[in-house]
Undergrad: 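Got a structure for you, questions after.
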Amino acid sequence: MNLQETLELHVKAAVKALFESELESVEFQATRREFAGDITVVVFPMLRVIKGNPAVIGEQVGQYLLDNVDLVKGFNVVKGFLNIEISDAYYINFFQQIKDDESYGFSEVKDDKAVMVEYSSPNTNKPLHLGHVRNVLLGYSVAEILKASGKKVYKTQIINDRGIHICKSMLAYQKFGNNEEPTAELKGDKLVGNYYVKFDQAYKAEISELMAQGQSEEEAKKNAPMLLEAQEMLIKWEAGDEDVVALWKKMNQWVYDGFDVTYKNIGVDFDTYYYESDTYLLGKEFVSEGLRTGVFFKKEDGSVWCDLTEDGLDEKIVLRSDGTAVYMTQDIGTAIQRIKDYPDVGGMVYTVGNEQDYHFKVLFLILKKLGFDWAKNLFHLSYGMVDLPSGKMKSREGTVVDADDLIQEMADTAEEISKDLGKLEDYSEEEKQELYKTIGLGALKYYILKVDPKKRILFDPKESIDFQGNTGPFIQYTYARIQSILRKADSAGSDIPSSEEVALHDKEKELIKQLELFPEVIQNAADQHSPALIANYTYDLVKEFNSFYQNVSILGADTEIEKSFRVALSRTVSHTIKNAFQVLGIEVPERM
RNA sequence: GGUGGCAUAGCUCAGCUGGAUAGAGCACCUGCCUUCUAAGCAGGCGGUCCUAGGUUCGAAUCCUAGUGCCAUCACCA
């Protein structure tokens, strides 16, 4: 039972004893800094049950608590706020309980149903850019947060490996490629992406030409030979044309190899992969099934639809009149396939941009209508777009911030700063490079994860990401500082005060209070699918620690017991930073 | 046009189920490194919480209407 729960019982008892009334709940908040006290009871809500002056009621309840509850050491009332001072013994005892727990904040798996988290889900015709980076970081972190909150988790993605967009890259490669192959300088995904751009250039040139010949823009766009050829290629692919399929396989493999490098760079992983080309057929099966059971209906032209008008939505197509699958068909198939493959999965999280809010609303509804009980546990982790000052990123026009480049730039910035500070003279070149990457990635990941997922991010490549203030490196730096102290504090502080006699320094007490919040923050972040809550918590913790560090001497404490206590406190803070950053997917360095 | 999201300091963002004088960082200005790592600490400057109503003892937070930006409403994905 935590402090708040304990106090709630006592406040209820106080109200019963003093006013013969029953409170349903008690409202608490942290005491504001300018007042004495550790936790505050808001008296106003009690007025519904008790009549009287809030200040007087606060006074009476406070006195009752002081007289009857050991851990209450004092109180004061300001307007309708009862500020309660808690004894140091409470905080010291609490700290005793958590100080040796290296996985503090994490829960054991307590749910027999697993959650599948999908993220990344790229098309295979171009490299990953900053938008994908947000997706990948969010999905990975939410998966880790869910694990930490006691869920079994599978990480997965759906790879959109077929369609007209891939044919465009393939066609341009056939025309202009000269059998170019990926090299160390040019990864496969980049190579394929280049041909996607080349397609677009050639296509646009043809459009201009046709328009010069007198066609309207609309006509020209439809009639351009490049597009016609790409469409022809798609038909050939679906017909299983050997040459086309061979090229498709070759180029897709280049892209997968390129993606793997990027994922490894970012530091994310997947437990399973799904390919659109594998799952759309299962989707079609269930469309037939739904047609039989009346979930769907067929129009005269043969296309199949789902009528969602009673749910306040429109009719949605699930199969084209020519019998081919649409996006929705495939997503129905993929969802069902996943549950078949992993029967312990009880719910899924889809990390996909908010431009697809409607799609997922419909998908979930259709799956419910098809009668799957797990359909009620589907969640669209919808996040805002990452935009540039110039607007949307467009791969075709080359206005994207490339993921690999960005990671490299961040590491370069970290290197510059580190060199200026010159604290790593005795590190080997290899160790240094590794550290620069840790710091650079830390800056990037924190920058993206600290903002509420549903808000859009405006990223200005000209203004580099900060390394000071509310940033990843600031937090990493604090961690490194603590490690430095721990290295110097020869005998680890296992000998910490247990008596009520020790007076806690204000900064020490604030730190313990902050530590106390961590498990709840993890649960909240899991419930809300929000890494931002973890990031903001960690920042507060670290700020508190730095203030402690600058104002209180740890290794130079007056007594041995004080020194041990402060070392132990620092160590626990560093565990907590490490654990918080682990679920954000950010590494912490021993030095920096 | 219908639907959904967002709007807080010059900039980037917090603000939990409504609670005290709305908080951080960056930028700008002051101090602090012979003492545990100054990527730090201590402090200053800076606000019509988009607007107008409403509910409430109390609203940045909830409701209604409006404004602005974004997305979506395809036999595209």
Undergrad: Any ring-ring contact (aromatic ring centres under 6.0 Å, His included) pairs touching residues 311-335 of chain A, not counting sequence neighbours?
TA: A/Tyr327-A/His359

Undergrad: Working to the nearest 0.5 Å, report the span between CD of A/Gln4 and CD of A/Gln29.
TA: 10.5 Å

Undergrad: Which part of the nucleic acid, if any, lies within reach of A/Val78 when heavy atoms closer than 4.0 Å are counted: base, sugar-phosphate only, or nothing?
TA: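 A/Val78: base contact, heavy atoms under 4.0 Å.
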
Undergrad: In whole Å, measure the gap between the C1' atoms of B/G18 and B/A9 for me.
TA: 24 Å

Undergrad: So, does A/Lys454 get its side chain near the phosphate of B/G4, meaning an N or O under 4.0 Å from OP1 or OP2?
TA: no

Undergrad: Holding to side chain to side chain contact (heavy atoms under 4.5 Å, CB included), I want the full list of residues that pass it with A/Ser553, two or more places apart in sequence or in another chain.
TA: none

Undergrad: Would you indicate whether A/Glu587, at its atom CD, is surrounded by more than 12 heavy atoms from other residues, nucleotides or ligands within a distance under 6.0 Å?
TA: no

Undergrad: With C1' as the reference atom in both, quote the distance from B/C63 to B/A24 in angstrom, rounded to an integer.
TA: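 My reading of the C1' atoms in B/C63 and B/A24 gives 31 Å.
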
Undergrad: Centroid-to-centroid, A/Phe360 to A/Phe379, below 6.0 Å?
TA: no

Undergrad: A/Leu82 CG to B/G19 P: how many Å, rounded?
TA: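 In whole Å, B/G19 P and A/Leu82 CG are 18 Å from each other.
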
Undergrad: Kindly state each residue pair satisfying salt bridge (Lys or Arg N to Asp or Glu O under 4.0 Å) with at least one member in residues 123-135 of chain A, sequence neighbours excluded.
TA: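 Those involving residues 123-135 of chain A do not exist here.
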
Undergrad: Nearest whole Å is fine: how far is B/A59 C1' from A/Phe44 CZ?
TA: 14 Å

Undergrad: Could you run through nucleotides 29-45 of chain B and give me one letter per nucleotide, 5' to 3': B if any protein heavy atom sits under 4.0 Å from the base, S if only the sugar-phosphate is that close, - if neither?
TA: -------BBSBBSS---

Undergrad: Rounded to whole angstrom, note down the P distance from B/C41 over to B/U3.
TA: 48 Å

Undergrad: Is the number of heavy atoms from other residues, nucleotides or ligands within 6.0 Å of CD (A/Glu24) greater than 12?
TA: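 Counting neighbours around CD of A/Glu24, 12 or fewer heavy atoms of other residues, nucleotides or ligands fall under 6.0 Å, so no.
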
Undergrad: Can you check B/C33 for me, syn or anti if syn means within 90° of 0?
TA: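 What B/C33 shows is a syn base, its glycosidic angle lying within 90° of 0.
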
Undergrad: Answer with base, sugar-phosphate or nothing: what part of the nucleic acid does A/Asn83 contact at a heavy-atom distance below 4.0 Å?
TA: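 Since a base atom lies under 4.0 Å of A/Asn83, the category is base.
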
Undergrad: Taking the same atom, P, in B/U12 and in B/U67, what whole-Å distance lies between them?
TA: 25 Å

Undergrad: Starting at CD of A/Glu27 and ending at C1' of B/C57, how long is that distance when rounded to a whole Å?
TA: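 Those two atoms, CD and C1', are 13 Å apart.
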
Undergrad: For a quick check of understanding: with a heavy-atom distance under 4.0 Å over all strands, which category does A/Tyr539 fall into, base, sugar-phosphate or nothing?
TA: sugar-phosphate

Undergrad: Hey, does A/Pro45 reach any base, or is it just sugar-phosphate, or nothing, if we go heavy atoms under 4.0 Å?
TA: base

Undergrad: Show every salt bridge (Lys or Arg N to Asp or Glu O under 4.0 Å) that has at least one partner inside residues 25-43 of chain A, sequence neighbours left out.
TA: A/Arg32-A/Glu34, A/Arg33-A/Glu510, A/Arg33-A/Glu544, A/Asp38-A/Lys509, A/Asp38-A/Lys513

Undergrad: In whole angstrom, give me the gap between the C1' atoms of B/G47 and B/A65.
TA: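 Rounded to whole Å, the distance is 25 Å.
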
Undergrad: Would you kindly give the CD-to-C1' distance between A/Glu520 and B/C16, to the nearest whole Å?
TA: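 Rounding to the nearest Å, CD of A/Glu520 and C1' of B/C16 are 9 Å apart.
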
Undergrad: Please table the atom pairs, donor to acceptor, closer than 3.5 Å between any side-chain atom in residues 526-535 of chain A and protein atoms at least two apart or in another chain.
TA:
unit_1: A/Ser530; atom_1: OG; unit_2: A/Ala532; atom_2: N; d: 3.4

Undergrad: Determine which pairs satisfy ring-ring contact (aromatic ring centres under 6.0 Å, His included) with at least one residue from residues 531-550 of chain A, sequence neighbours left out, and list them in order.
TA: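 Residue pairs passing ring-ring contact (aromatic ring centres under 6.0 Å, His included), neighbours aside: A/Phe474-A/Tyr539, A/Phe518-A/Tyr537, A/Phe545-A/Phe548.
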
Undergrad: Give the rounded distance in Å between these two atoms: OH of A/Tyr327 and C1' of B/C76.
TA: 11 Å

Undergrad: Report the residues that fulfil side-chain hydrogen bond (donor to acceptor under 3.5 Å, both in side chains) with A/Asn123, sequence neighbours left out, ordered by chain and then residue number.
TA: A/Asn160

Undergrad: In whole Å, what separates the C1' atom of B/C29 from that of B/G10?
TA: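 Going atom to atom, C1' in each nucleotide, I get 15 Å.
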
Undergrad: Determine whether more than 12 heavy atoms belonging to other residues, nucleotides or ligands lie under 6.0 Å from atom CD of A/Gln514.
TA: yes

Undergrad: Verify salt bridge (charged side-chain N to carboxylate O under 4.0 Å, His left out) between A/Asp426 and A/Arg591, making sure each step is shown before the conclusion.
TA: CA-CA 11 Å; A/Asp426 56 326; A/Arg591 288 176 49 183; 3.1 Å; yes

Undergrad: Ring centroids only, cut at 6.0 angstrom: are A/Tyr383 and A/Tyr119 within range, meaning strictly under it?
TA: no

Undergrad: Kindly write out the residues that satisfy salt bridge (charged side-chain N to carboxylate O under 4.0 Å, His left out) with A/Glu431, not counting sequence neighbours, or none if the list is empty.
TA: none

Undergrad: Which sits closer to the 5' end of RNA chain B, A/Gln330 or A/Lys79, going by the nucleotide each is nearest to?
TA: A/Lys79

Undergrad: I'd like the C1' distance from B/G40 over to B/A59, given in whole Å.
TA: 38 Å

Undergrad: How does RNA chain B look in dot-bracket form if you count Watson-Crick and G-U pairs under 3.5 Å, write [ ] for pairs that cross, and put | where a base pairs with another strand?
TA: (((((((..((((.....[...)))).(((((.......))))).....(((((..]....))))))))))))....

Undergrad: When the P atoms of B/G66 and B/A27 are compared, how many Å lie between them, rounded to an integer?
TA: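 The same atom, P, in both gives a distance of 42 Å.
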
Undergrad: Taking only nitrogen or oxygen atoms into account, show me every contact under 3.5 Å that the protein makes with nucleotides 70-74 of chain B, one pair per line with its distance.
TA:
unit_1: B/C73; atom_1: O2'; unit_2: A/Asp314; atom_2: OD2; d: 2.8

Undergrad: Check RNA chain B against residues 523-531 of chain A and give the residues with a non-hydrogen atom under 4.0 Å, in numerical order.
TA: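 When residues 523-531 of chain A is checked for heavy atoms under 4.0 Å from RNA chain B, there are no hits whatsoever.
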
Undergrad: Mind calculating the distance between CG (A/Asn470) and P (B/G15) to the nearest angstrom?
TA: 12 Å

Undergrad: Tell me: NZ of A/Lys222 to P of B/C76, nearest whole Å?
TA: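 So the NZ-P distance, A/Lys222 to B/C76, works out to 13 Å.
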
Undergrad: Run the side-chain contact (heavy atoms from CB on, under 4.5 Å) test on A/Val42 and A/Leu82 for me, step by step, so that the C-alpha distance in whole Å, both residues' side-chain angles and the decisive distance to 0.1 Å come before the verdict.
TA: CA-CA 6 Å; A/Val42 187; A/Leu82 168 58; over 6 Å; no

Undergrad: Rounded to whole Å, please give me the gap between CG in A/Asp540 and P in B/G23.
TA: 14 Å

Undergrad: Which is true for A/Arg48 with a 4.0 Å heavy-atom rule: it touches a base, it touches only sugar-phosphate, or it touches nothing?
TA: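 Base contact.
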
Undergrad: Over all strands shown, is A/Ser382 touching base, sugar-phosphate only, or nothing at heavy-atom distances under 4.0 angstrom?
TA: nothing

